[in-house]
Participant: 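Structure in structure tokens, see below.
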Amino acid sequence: MQLHVIDHPLVAHKLTVLRNVNTDSPTFRRLADELVTLLAYEATRGVRVESHEIMTPVSRTTGVRLSSPKPLVVPILRAGLGMLDGMTRLIPTAEVGFLGMIRDEETLQASTYANRLPEDLSGRQVFLLDPMLATGGTLAAAITFAFDRGATDVIAICLLAAPEGVAAVERRFGPEAPVTIVVAGMDERLNDHGYIVPGLGDAGDRLYGVV
Ligand code: URA
């Protein structure tokens with residue numbers, strides 16, 4: 001498993017505004033969208049391409065195009081939905097699947113309540129979108145879903161992570177697994193309710209204005 005914590009002043013600036021309790025939902029949504037596009041640039045560094053010959057107005061040349069099967073982008077509902085536009089802006093020909101997962105606030109266990117993913121993900125790179133990597137339970141379940149269907153590698157894009165969640169995912173899949181986590185910020189810890197500290201609160205509520 002690989003972890004990339006993006007070290008960039010624009011990412012840090014946008015993340016700070018996102019964390020602020022006084023940031024309203026429309027601003028939060030816009031910033032989350034912009035942040036994901038910045039993270040997606042790093043997350044797609046290993047996207048598979050194939051050589052492609054074209055004519056410029058001047059001569060023939062060889063470039064690249066995305067290989068088939070196309071990457072699959074999977075927002076984890078509900079909060080991952082707020083990351084979808086930022087991702088598909090950068091990689092518009094990717095296909096999109098959906099995974100609905102909910103965390104029991106008592107036990108902190110994740111369970112699946114909706115699944116619109118192709119049965120066969122053989123040979124595919126899967127990009128999971130989940131803003132908060134907290135206990136790691138939701139992300140680990142989503143990664144298992146993708147591998148069980150044949151995905152070759154999984155790249156998770158998160159806004160914030162807690163060390164406990166990263167460690168849980170690494171324990172579950174091992175250091176050599178084809179799993180990459182790209183995150184805008186690594187926070188201190190989880191609190192007793194499984195919230196990331198200092199964090200940004202409930203990402204779904206902040207995106208969609210439910211308190
Ligand atoms: N989910 C959230 O939305 N926020 C957290 O801090 C942890 C999990």
Side-chain angles (χ1 to χ4, degrees), residues 1 3-6 11-12 14-36 38-40 43 73-87 98-115 127-146 154-173 179-211:
M1 192 196 90
L3 173 70
H4 294 298
V5 184
I6 303 301
V11 169
K14 289 177 194 296
L15 193 54
T16 305
V17 184
L18 210 63
R19 289 181 189 279
N20 191 325
V21 68
N22 294 318
T23 298
D24 61 15
S25 285
T27 311
F28 191 98
R29 277 198 295 273
R30 180 176 54 75
L31 283 167
D33 180 77
E34 291 172 6
L35 264 172
V36 172
L38 294 172
L39 298 182
V73 174
V74 182
I76 300 178
L77 308 180
R78 129 187 100 131
L81 216 45
M83 302 171 74
L84 182 58
D85 287 351
M87 182 70 187
F98 295 90
L99 205 48
M101 309 207 73
I102 190 151
R103 182 174 80 151
D104 183 309
E105 293 301 331
E106 296 286 313
T107 64
L108 302 181
Q109 294 300 309
S111 59
T112 307
Y113 67 86
N115 156 30
F127 292 85
L128 294 175
L129 308 179
D130 189 9
M132 307 299 274
L133 172 47
T135 61
T138 301
L139 189 60
I143 294 170
T144 303
F145 229 90
V154 176
I155 303 98
I157 304 180
C158 306
L159 298 179
L160 283 180
E164 295 92 325
V166 172
V169 173
E170 174 141 39
R171 259 197 319 276
R172 173 83 169 265
F173 299 99
V179 172
T180 304
I181 297 171
V182 177
V183 64
M186 177 66 94
D187 274 7
E188 287 166 30
R189 62 184 170 87
L190 291 181
N191 68 14
D192 292 343
H193 305 287
Y195 275 78
I196 297 177
V197 180
L200 50 75
D202 186 302
D205 289 357
R206 300 229 30 215
L207 277 164
Y208 302 116
V210 181
V211 179

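Order of appearance sets the numbers: ligands from 1, and atoms from 1 within every ligand. The basis for the numbers below is simple: all heavy atoms, side chains too, and nothing from hydrogens, waters or symmetry mates.
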Participant: Which heavy atom of Val11 sits nearest to which heavy atom of Ala184, and what is that distance?
Facilitator: CG1-CB, 3.6 Å
Participant: Of all the heavy atoms in Pro131, does at least one lie under 4.0 Å from an atom in ligand 1?
Facilitator: no
Participant: Considering heavy atoms of the protein only, find what lies nearest to atom 1 (N) of ligand 1 and give residue, atom and distance to 0.1 Å.
Facilitator: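 Minimum-distance protein heavy atom for atom 1 (N) of ligand 1 reads Met132 CB, 3.8 Å.
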Participant: Check the pair Thr27, Arg30 against side chain to side chain contact (heavy atoms under 4.5 Å, CB included), reporting the backbone distance first and the verdict last.
Facilitator: CA-CA 5 Å; Thr27 311; Arg30 180 176 54 75; 3.8 Å; yes
Participant: Examine ligand 1 and decide if any of its atoms is less than 4.0 Å from a heavy atom belonging to Ala162.
Facilitator: no
Participant: Using a strict 4.0 Å cut-off to heavy atoms of Gly194, name the atoms of ligand 1 that fall inside it.
Facilitator: 7 (C)
Participant: On a heavy-atom basis, I'd like to know which of Ile196, Asp205, Leu200 is closest to atom 6 (O) of ligand 1.
Facilitator: Ile196
Participant: Could you find the nearest protein heavy atom to atom 3 (O) of ligand 1 and give me its residue, atom name and distance?
Facilitator: Ala203 N, 2.8 Å
Participant: Counting distance only, does the side-chain N/O of Thr144 pair as donor-acceptor with the main-chain N or O of Ala140 below 3.5 Å?
Facilitator: yes
Participant: Heavy-atom distances under 4.0 Å are what count here, so tell me which part of Ala134 touches ligand 1: side chain, backbone, both or neither.
Facilitator: side chain
Participant: Quick one, Asp187 with Arg19, criterion salt bridge (Lys or Arg N to Asp or Glu O under 4.0 Å). Give me CA distance, side-chain angles, the key distance, then yes/no.
Facilitator: CA-CA 11 Å; Asp187 274 7; Arg19 289 181 189 279; 2.6 Å; yes
Participant: Start with the C-alpha distance between Ile155 and Val179, add both sets of side-chain angles, then the distance that settles side chain to side chain contact (heavy atoms under 4.5 Å, CB included), and finish with yes or no.
Facilitator: CA-CA 6 Å; Ile155 303 98; Val179 172; over 6 Å; no
Participant: Start with the C-alpha gap between Ile6 and Val183, add the side-chain angles, then the distance that decides, and say whether side chain to side chain contact (heavy atoms under 4.5 Å, CB included) holds.
Facilitator: CA-CA 6 Å; Ile6 303 301; Val183 64; over 6 Å; no
Participant: For atom 4 (N) of ligand 1, what's the nearest protein heavy atom and its distance?
Facilitator: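 Nearest protein contact, heavy atoms only, for atom 4 (N) of ligand 1 is Gly201 O, 2.8 Å.
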